[in-house]
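Below is one structure, written out as structure tokens, with a few remarks after it.
What you are looking at is a predicted structure, and each value in this text was computed from that prediction instead of being measured. Values reported hereafter were calculated over all heavy atoms of this structure, with side chains retained and with hydrogens, waters and symmetry mates removed. In the text below, chain A, chain B and the rest are named by the order of the sequence lines, each starting its count at 1.
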Amino acid sequence: MKLSVNYQIALTHILTRKKQTLVAALGVTVGIALYIFSNSIVVGVSTYSKKSLFKSAPHIRIYSEDQLSLPLATSKHPQQIPVLINPQFANRSRLILNSEELAKDIASLDFVEQVAPYVKVDLFLKNGKTQVKGVADGIVVAEADAMFNIAGTLLAGSVQPISYAPNAIVIGKGIAEKLNLRLNDQVTVVSSEGVSRRLKVVGIFSTDTKDLDDSKAYMNIGTAQKLLRESPSEITDLYVKVRNPDSAGYFSTQIQQYTTYKVEDWQTSNAEQLAQNKMLGTMTPLISFSILLVAAFGIYNIINMTISQKMNDIAILKANGFNAGDIIKIFVSESLIMGSAGTLAGLLIGTILVTLLRNVYIGPPVGYFPVQLDGDLLISGSVFGMLVSVGAGYFPARKAGKVDPVTIFRK
Amino acid sequence: MYQPMKNNVVLATRSLEKYFHDPVRFKVLDDISFEIHTGEFVTIVGKSGSGKSTLLYCLSTMDTNYSGELYIQQQKVTGQKPDTLAQIRNQSIGFVFQFHYLLPEFSCLKNVMIPALKLGRLSYPEIEAKAYDKLRMLGIADQALKDASKLSGGQQQRVAIARALINDPAIVMGDEPTGNLDSKNTAIVLDMFRQLSEEFGQTIVAVTHDNDFAKASQRTIEMADGRIVQVLNN
Ligand SMILES: Nc1ncnc2c1ncn2[C@@H]1O[C@H](COP(=O)(O)OP(=O)(O)OP(=O)(O)O)[C@@H](O)[C@H]1O
Ligand SMILES: [Mg+2]
């Protein structure tokens with residue numbers, strides 16, 4: 001099909017002022033490239049930090065919150081005297097009762113992928129005279145490993161012995177270094193309840209997080225229960241993995257209907273870190289948006305200038321039967337051509353920049369710079385670039401559509 | 001009182017009246033009524049400031065700010081929407097200005113083609129062939145591919161005439177089409193108009209200051225102070 005006459009005119013205008021067109025298009029290019037680049041960084045970094053978060057934290061955690069004790073007896077009758085004692089944190093409140101039933105209920109929800117029971121014990125690990133304060137997770141190996149891939153973090157040994165050996169323990173690299181422990185060495189643990197056990201190191205792990213490596217240990221869930229002087233059915237935490245972690249907040253309110261224990265999603269537990277990501281995530285689009293605004297102004301300017309130089313042409317076209325809509329189409333097409341050329345170049349340059357950054361090695365634990373360029377971003381970038389360009393062209397074009405040819409011819 | 005028109009009337013006005021308000025209110029067109037028939041060559045003359053151009057802009061549908069009525073090809077044009085008027089201009093009117101207004105960045109050929117491309121009745125090659133025909137008729141086919149801005153004034157005016165003719169309009173209107181030309185080119189353009197009228201029966205309405213031009217036409221309408229003061233059949 002032959003190009004419409006309006007479009008042919010637009011194209012001629014553009015081709016006869018290549019330099020100005022190029023400058024206007026370049027503005028869009030810079031805006032879009034920066035939009036792609038900065039958003040890839042935001043997405044990459046937040047995906048990275050989420051991923052590293054989920055290495056040890058569950059999507060949703062169910063636990064028993066410390067509660068203040070109630071007055072011993074409240075008065076039900078005006079003549080009765082209420083008995084008050086100083087409120088204090090109730091003792092032994094960290095257990096979840098009936099955990100198996102609760103776990104089953106939760107596991108049957110369709111958004112839940114997995115539920116894992118945990119027994120958390122605060123303890124000291126000792127070797128000779130040195131001791132380290134730590135937290136041990138009493139785990140069901142299959143469940144915990146499926147959720148956090150513990151096996152994948154091991155430097156030496158294996159997690160499997162935990163499932164059958166009550167005296168097996170897996171410790172972080174930091175603990176091993178401080179206590180000078182090696183695989184198959186014995187370590188003494190003393191729990192906050194004062195229970196002591198001698199365990200054998202069957203594995204040493206290393207994660208990206210120093211805190212974990214310096215304090216975390218895994219052991220059989222039964223052993224942890226014994227360290228807490230608890231019976232085998234009582235646990236301290238239920239970890240829940242859901243299908244869509246971003247909706248964890250909503251899911252946690254769903255789960256809350258099944259239990260009176262505290263249900264906490266990862267967003268709430270890590271609000272501080274997320275706030276930083278959010279700040280980054282709000283700022284970068286704002287920056288690229290303001291650059292695009294400048295680009296839009298560039299397009300607006302050149303279209304405006306073209307129009308004021310082409311008043312005669314507009315009058316001639318109108319005298320020859322072009323209507324206001326045709327005139328608008330001509331100049332909007334011009335901004336669209338500039339905008340799409342600029343956008344295309346911007347997408348290309350943005351993608352190149354992202355690729356370059358992806359190959360920048362930061363060093364452990366991050367590795368290569370975490371950038372993520374989704375197809376969505378390219379689409380939103382193009383839509384954005386085109387919208388801005390068309391918008392910038394439309395307003396001067398509308399003015400051109402209203403030009404009265406007689407006034408022009410009389411000059 | 002409505003009087004039915006004869007069906008060979010292409011252009012008719014009924015009591016056109018127009019005021020300008022700036023700097024003071026004055027009547028620039030006063031009770032202008034006339035009829036122009038198919039194939040007629042009519043010139044409008046009068047002193048500078050008598051309202052000739054103003055009248056022509058009203059006739060061309062570009063100026064709608066008047067009272068009275070305007071008919072083109074028996075259709076009432078007064079009060080039509082701007083888009084309809086644009087279509088009427090495109091289809092039924094060819095306009096030639098004093099200053100050979102061409103689009104400077106386009107070739108002569110393209111300038112001639114543009115109104116036809118807008119009309120969209122013919123295919124691109126057909127329009128191209130037709131534009132060449134018109135340029136040939138006006139003796140400037142050899143300039144077809146040059147940029148319009150690179151031609152002499154006389155040549156440009158001939159391109160403008162070719163453009164006015166491309167859609168086979170019912171009326172060709174001209175506002176001093178020879179006003180800006182030297183005597184040689186004036187003669188050529190006048191010849192063109194005469195030929196269009198005599199050989200092709202083209203209806204022409206042209207404002208002119210040129211006596212030879214007026215004498216070449218079949219009827220001359222003389223204006224003074226916004227009124228028709230005399231009509232001469234040559
Ligand atoms: N936009 C306007 N506002 C106010 N007065 C105007 C305007 N346009 C034209 N006039 C006045 O209207 C009168 C008629 O102008 P017009 O251009 O129609 O005259 P003309 O007969 O074509 O003259 P010329 O032979 O010089 O071209 C003149 O007095 C002119 O000054
Ligand atoms: Mg005039």
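In this structure, B:Phe200 places its CZ atom where more than 12 heavy-atom neighbours from other residues, nucleotides or ligands lie under 6.0 Å away.
Of the two parts of A:Leu15, neither the backbone nor the side chain holds a non-hydrogen atom closer than 4.5 Å to a non-hydrogen atom of chain B.
B:Phe95 contributes atom CZ, which lies 15.0 Å from atom NZ of A:Lys318 (distance to the nearest 0.5 angstrom). B:Lys81 contributes atom NZ, which lies 12.0 Å from atom CG of A:Asn323 (distance to the nearest 0.5 angstrom). Here B:Asp175 contributes atom CG and A:Phe409 contributes atom CZ; the two are 10.0 Å apart, rounded to the nearest 0.5 Å. B:Tyr101 contributes atom OH, which lies 13.0 Å from atom CG of A:Asn320 (distance to the nearest 0.5 angstrom).
Inspection of non-hydrogen atoms places B:Ser53, B:Thr54, B:Tyr57 of residues 49-60 of chain B under 4.5 Å from chain A. Residue-level contacts of residues 299-316 of chain A with chain B, in order of numbering, are A:Lys310, A:Asn312, A:Asp313, A:Ile316; threshold 4.5 Å between heavy atoms.
In terms of heavy atoms, B:Glu105 sits closest to A:Thr12 at O-CG2, 3.8 Å. Residue A:Phe322 comes nearest to B:Arg89 through the heavy atom pair O-NH2, 4.4 Å, listed as atom of the first residue, atom of the second, then distance. For the residue pair B:Phe97 and A:Ala319, the shortest heavy atom distance occurs at CZ-CB, 3.8 Å.
No other option in A:Asp326, A:Asn6, A:Thr407, A:Asp404 has as many heavy-atom pairs under 4.5 Å with chain B as A:Asp326.
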